[in-house]
Amino acid sequence: MVTLVVATAVDPASIGPASALLAMPGWHPGPTWQEDAQSFVNKNVRLIKLETKLVKEDDLDKRWEEATGESVDEIIFLSKHVAASNRPALTIHPIGTPHVTEGEVLVAGGKPRWAAPPNPRIGPWLRLLRCIAASHNLSPEFEVVQRSTGGGRMLHRPLLWNDSKNKILLGIGGGHYVPRHMDVVLKDGVWVGHLLSGYSLLMEDPAQLKALTKADAVKMTWKEAIKVAFEATKLAFPGGEVIAHLDHKSFKSWQRNAVTSFLVEQNIKIGKPGDF
């Protein structure tokens, strides 16, 4: 079982960390498996350098396994992300497009109503990244946060299964950097699943439902997005208890009530203070 670390030469924020990794001892050239890529090997880690954008790399795990015969249990994409705020940040996030409806253009890969099983190491990585940033005096100029779920790149294997019996956070609501979930995410021992931003959950006021056309109603995918994110998180943490953590302030009262009712209907536990 190997870990794939994937970088692209067209993104300085991607190739910079990859070059730093390759400067460490123990690396040697890996297999040639596609024309526009180089690979390097260090124990059970495989670093792939591409010449194209990472969003075009659907099925990467499956293609690597077919070309090399090696089973992939974890994929880490090194990439740049930009929020509307343009504030400097170091981020980690799971990938998926659970809020995208059939027929919408997928500019970042993936497929509608889909999410990859989140890597169980996201929480520990984020806490370690904060320590590293502080030790190099990058804080507070750079905020270290978990970004909400986004992006595509279809994967066929869960990203490193974890059979923890602990509780896992499923964040619902908030902005691009979901700040009100961070108090939970940064607790030692907390496992983290998908975090769905409020703007990715397409919700309509029930008072306006009668005026919606059938085409408009199809776009109301917030329930499906929550279900997909919940199931993907459960898949990554077999045996664990996935608990929804709501950013109450990011919802209007009717939205909060609708989400709460749906979670109860789906038997998804809603977290309270002290549950994590």
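Note that this is a predicted model, so its numbers are computed, not measured. This chain uses plain numbering: 1 for the first residue, then up along the sequence.
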| Which atom pair, heavy atoms only, marks the closest approach of Leu170 to Ala229? | CD1-CB, 4.0 Å
| said: Using 0.5 Å steps for rounding, measure from the OG1 atom of Thr52 to the CG atom of Asp11. | reply: 12.0 Å
| query | If you look at every heavy atom in Asp275 and Lys269, which pair is closest and at what distance? | reply | OD2-CE, 3.9 Å
| field | Point-to-point distance, once rounded to the nearest 0.5 Å, from CD1 of Ile243 to CZ of Phe230 | value | 10.5 Å
| field | Leu78 CG to Ile48 CD1 distance, which is reported to the nearest 0.5 Å | value | 11.0 Å
| request: Would you confirm whether Glu51, through its side chain, and Ala9, through its main-chain N or O, come within 3.5 Å as a donor-acceptor pair? | output: no
| query | Are the side chains of Leu196 and His99 in touch, meaning some heavy atoms are under 4.5 Å apart? | reply | no
| field | Shared hydrophobic cluster for Val192 and Val228 (ILVMFWY, side-chain gaps under 4.5 Å) | value | no
| field | Between OG1 on residue Thr97 and CZ on residue Arg113, distance to nearest 0.5 Å | value | 11.0 Å
| request: List the atom of Ala89, the atom of Phe142, and the distance in Å for their closest heavy-atom pair. | output: N-CD2, 3.7 Å
| message | Would the distance check show the side chain of Ser148 and the main-chain N or O of Leu195 forming a donor-acceptor pair, the cut-off being under 3.5 Å? | response | no
| said: Return the CG to CZ distance between Leu128 and Arg121, rounded to the nearest 0.5 Å. | reply: 10.5 Å
| task | Please identify each residue that fulfils side chain to side chain contact (heavy atoms under 4.5 Å, CB included) with His28, with sequence neighbours left out. | result | Val41
| message | Using only atom types and a distance under 3.5 Å, with no angle test, would you say the side chain of His194 pairs donor to acceptor with the backbone of Ala116? | response | yes
| field | Cluster link Ile15 to Val45, ILVMFWY, side chain under 4.5 Å | value | no
| task | Could you pull out the closest heavy-atom pair between Pro31 and Ser39, with the gap in Å? | result | O-OG, 2.6 Å
| query | Does the side-chain contact (heavy atoms from CB on, under 4.5 Å) test come out yes or no for Leu186 and Leu126, once each step is laid out? | reply | CA-CA 7 Å; Leu186 293 173; Leu126 191 65; 4.1 Å; yes
| said: Assess the residue pair Leu47 and Lys49 against the criterion (side-chain contact (heavy atoms from CB on, under 4.5 Å)); give the C-alpha distance rounded to whole Å, side-chain angles, the decisive distance to 0.1 Å, and a yes or no. | reply: CA-CA 7 Å; Leu47 191 148; Lys49 292 173 64 175; 3.6 Å; yes
| Any Val190 side-chain heavy atom under 4.5 Å of Arg127 side chain | yes
| task | Could you tell me whether Lys187 atom NZ has more than 12 heavy atoms of other residues or ligands within 6.0 Å of it? | result | yes
| request: Would you mind reporting whether Leu129 and Trp125 have side-chain heavy atoms less than 4.5 Å apart? | output: no
| query | Do the non-hydrogen side-chain atoms of Trp64 and Arg46 ever get within less than 4.5 Å of each other? | reply | yes
| said: Tell me whether Phe77 shares a hydrophobic cluster with Val10, the cluster being built from Ile, Leu, Val, Met, Phe, Trp, Tyr side chains joined at under 4.5 Å. | reply: no
| field | For the student: nearest non-hydrogen atoms of Trp33 and Ala37, plus distance | value | NE1-CB, 4.1 Å
| request: Could you walk me through whether His245 and Phe276 pass the side-chain contact (heavy atoms from CB on, under 4.5 Å) test, one step at a time? | output: CA-CA 10 Å; His245 185 266; Phe276 297 96; 4.0 Å; yes
| request: Looking only at non-hydrogen atoms, find the nearest pair between Pro120 and Ala236 and report the distance. | output: CG-O, 3.8 Å
| Judged by atom type as modelled, is there a donor-acceptor pair below 3.5 Å linking the side chain of Ser79 to the main-chain atoms of Ser14? | no
| said: Within a 6.0 Å radius of atom NZ on Lys252, are there more than 12 heavy atoms belonging to other residues, nucleotides or ligands? | reply: no
| query | So, do Ile172 and Leu263 sit near enough that their side-chain heavy atoms are less than 4.5 Å apart? | reply | yes
| task | Would you mind reporting whether Tyr177 and Met182 have side-chain heavy atoms less than 4.5 Å apart? | result | no
| Do the side chains of Met24 and Leu21 get nearer than 4.5 Å, heavy atoms only? | yes
| field | Common cluster, Phe262/Val264, ILVMFWY with side-chain heavy-atom separation under 4.5 Å | value | yes
| If only atom types and distance count, is the side chain of Ser261 paired as donor or acceptor with the main-chain N or O of Ala258 below 3.5 Å? | no
| said: Do Leu22 and Val5 land in one hydrophobic cluster if side-chain heavy atoms of ILVMFWY residues count as linked below 4.5 Å? | reply: yes
| field | Backbone N/O of Arg180 and side chain of Asp247: donor-acceptor pair under 3.5 Å | value | no
| Does His181 reach the main-chain N or O of Gly173 with its side chain, forming a donor-acceptor pair under 3.5 Å? | yes
| said: Treating Thr3 as the side-chain partner and Glu74 as the backbone partner, does any N or O pair qualify as donor plus acceptor under 3.5 Å? | reply: no
| said: Once rounded to the nearest 0.5 Å, what's the spacing between atom CZ of Arg63 and atom CD of Glu66? | reply: 9.5 Å
| Student check: side-chain heavy atoms of His93 and Thr149 closer than 4.5 Å | no
| message | Keeping Asn119 on the side-chain end and Pro94 on the backbone end, is there a donor-acceptor pair under 3.5 Å? | response | no
